[in-house]
Amino acid sequence: MKKFIASVMFALSASVMTTAAMASGGGVHLEHADVDIHNKASLQRGVKYYVNYCMGCHSLGFSRYNRIAQDLGLTDEQVAKNLIFTRDANGELQKSGALMKNGISQKDSAEWFGAPPPDLTLVGRSRGPDWIYSYLKAFYVDPSRPMGVNNTVFPNVGMPHVLWELQGFQEKECTKEGEGEHAAEHCELKLTKAGSMTPSEYDQTVRDLTNFLAYVGEPAALNRKMYGVFVLLFLGLFAVIAYFLKKEYWKDVH
Ligand code: HEC
């Protein structure tokens with residue numbers, strides 16, 4: 001019986017480990033995104049970059065403009081002016097209560113890019129912030145690909161390097177280390193053509209975008225943890241009251 005339990009435990013932990021490895025990008029080294037969903041300024045910059053650079057292809061179909069406005073402290077006017085660029089079926093600009101869908105056709109885009117751009121509402125949870133952060137920094141020039149770029153975190157990705165104006169272009173440089181059987185290739189991405197931002201400014205931009213995607217995957221997380229603290233405080237206080245109540249009731253028995 002003990003053996004059986006041990007083997008079940010082993011199988012379970014092995015499967016948990018492989019799922020974690022798959023979610024983390026299959027062996028590629030991921031950089032730590034270091035995001036903070038309570039940093040409102042970062043989220044506000046993130047949503048602005050998102051609607052400008054990503055929304056054309058990737059909808060956020062489980063999120064509404066006004067929910068984001070409320071959580072990020074934006075006024076209706078700011079939302080209308082800075083966030084809403086997509087039109088509804090009648091050709092009118094979307095209303096602030098609308099779901100953040102775009103007009104791109106899944107069929108056409110699958111032909112253009114080889115794969116349709118997925119909805120990104122939940123990507124912060126399925127891929128995790130470190131993956132997204134590393135992915136947006138991992139585009140490099142590869143003339144053999146249809147879009148002229150490839151990605152070390154997501155090899156042969158169909159997405160073009162949409163942030164190239166900001167980051168510039170990177171190239172992959174590989175050096176061989178060791179001899180014979182022990183030879184290993186070590187590759188690095190080098191910035192060969194500068195963009196409008198310095199590398200650290202670009203990192204911050206990508207961090208803001210990642211932060212926004214982490215937030216939008218679970219907006220309730222903004223409040224959930226605070227409730228947790230209150231619940232623990234209440235339980236702590238109640239334990240003291242319960243203890244004295246118990247003492248009072250049992251006073252005559254002992
Ligand atoms: C021109 C269209 C286009 C734009 C603009 C675009 N993407 Fe993409 N993106 C794609 C396509 C196509 C894929 C799917 C690639 C594939 O499966 O090969 C993709 C995939 C992704 C994925 C991986 C999703 C997954 O889990 O597989 C992420 C994350 C992503 N994009 C983030 C972004 C962000 C952030 C922006 C804005 C900075 C952006 N994309 C802008 C076309 C686009």
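Just follow the structure's listing: the first ligand is 1, and inside any ligand the first atom is 1.
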Check: atom 21 (C) of ligand 1: which of F212, F154, Y135, F113 has the nearest heavy atom?
Finding: Y135

Notebook entry, point to check: Looking only at heavy atoms, which two atoms of M159 and H58 are closest? And how far apart?
Noted result: SD-NE2, 4.1 Å

Next item on the list: Ignoring hydrogens and angles, state whether a donor on the side chain of S42 or D208 is under 3.5 Å from an acceptor on the partner side chain.
Entry: yes

Notebook entry, point to check: Heavy atoms, side chains only, cut-off 4.5 Å: are F212 and L60 in contact?
Noted result: yes

Next item on the list: Any chance you could measure H32, atom NE2, to R207, atom CZ, to the nearest 0.5 Å?
Entry: 9.0 Å

Note to self: Please list, in number order, the atoms of ligand 1 under 4.0 Å from a heavy atom of P160.
What the structure shows: 1 (C)

Notebook entry, point to check: Hey, are Q94 and T86 close enough side-chain-wise for a donor-acceptor pair under 3.5 Å?
Noted result: yes

Check: Looking only at non-hydrogen atoms, which of M159, R127, H161 approaches atom 26 (O) of ligand 1 most closely?
Finding: R127

Notebook entry, point to check: Do the side chains of E171 and Y140 get nearer than 4.5 Å, heavy atoms only?
Noted result: no

Notebook entry, point to check: atom 24 (C) of ligand 1: which protein heavy atom is closest, and how many Å away?
Noted result: P118 CG, 3.8 Å

Next item on the list: For the residue pair D203 and E31, establish whether any side-chain heavy-atom pair is separated by less than 4.5 Å.
Entry: no

Next item on the list: Considering heavy atoms of the protein only, find what lies nearest to atom 12 (C) of ligand 1 and give residue, atom and distance to 0.1 Å.
Entry: A115 O, 3.2 Å

Next item on the list: Please work out which of G56, G158, A110, P155 has its closest non-hydrogen atom nearest to atom 18 (O) of ligand 1.
Entry: G158

Margin query: Both conditions, 6.0 Å and 45 degrees, for the charged tip of R67 above the ring of F62: are they met here?
Written below: no

Checklist line | Protein heavy-atom partner closest to atom 35 (C) of ligand 1 - residue, atom, separation in Å | finding: C54 SG, 3.5 Å

Notebook entry, point to check: With atoms numbered from 1 as shown, which atoms in ligand 1 lie under 4.0 angstrom from a non-hydrogen atom of V123?
Noted result: 26 (O)

Notebook entry, point to check: With a cut-off of 2.8 Å, does H58 place any N/O/S atom under that distance from atom 8 (Fe) of ligand 1?
Noted result: yes

Notebook entry, point to check: Just which atoms of ligand 1 are under 4.0 Å from any heavy atom in L120?
Noted result: 30 (C), 32 (C), 33 (C)

Check: Side chain, backbone, both or neither: which part of V157 has a heavy atom under 4.0 Å from ligand 1?
Finding: both

Checklist line | Heavy-atom nearest neighbour in the protein, as seen from atom 1 (C) of ligand 1, with distance rounded to 0.1 Å | finding: C57 SG, 2.8 Å

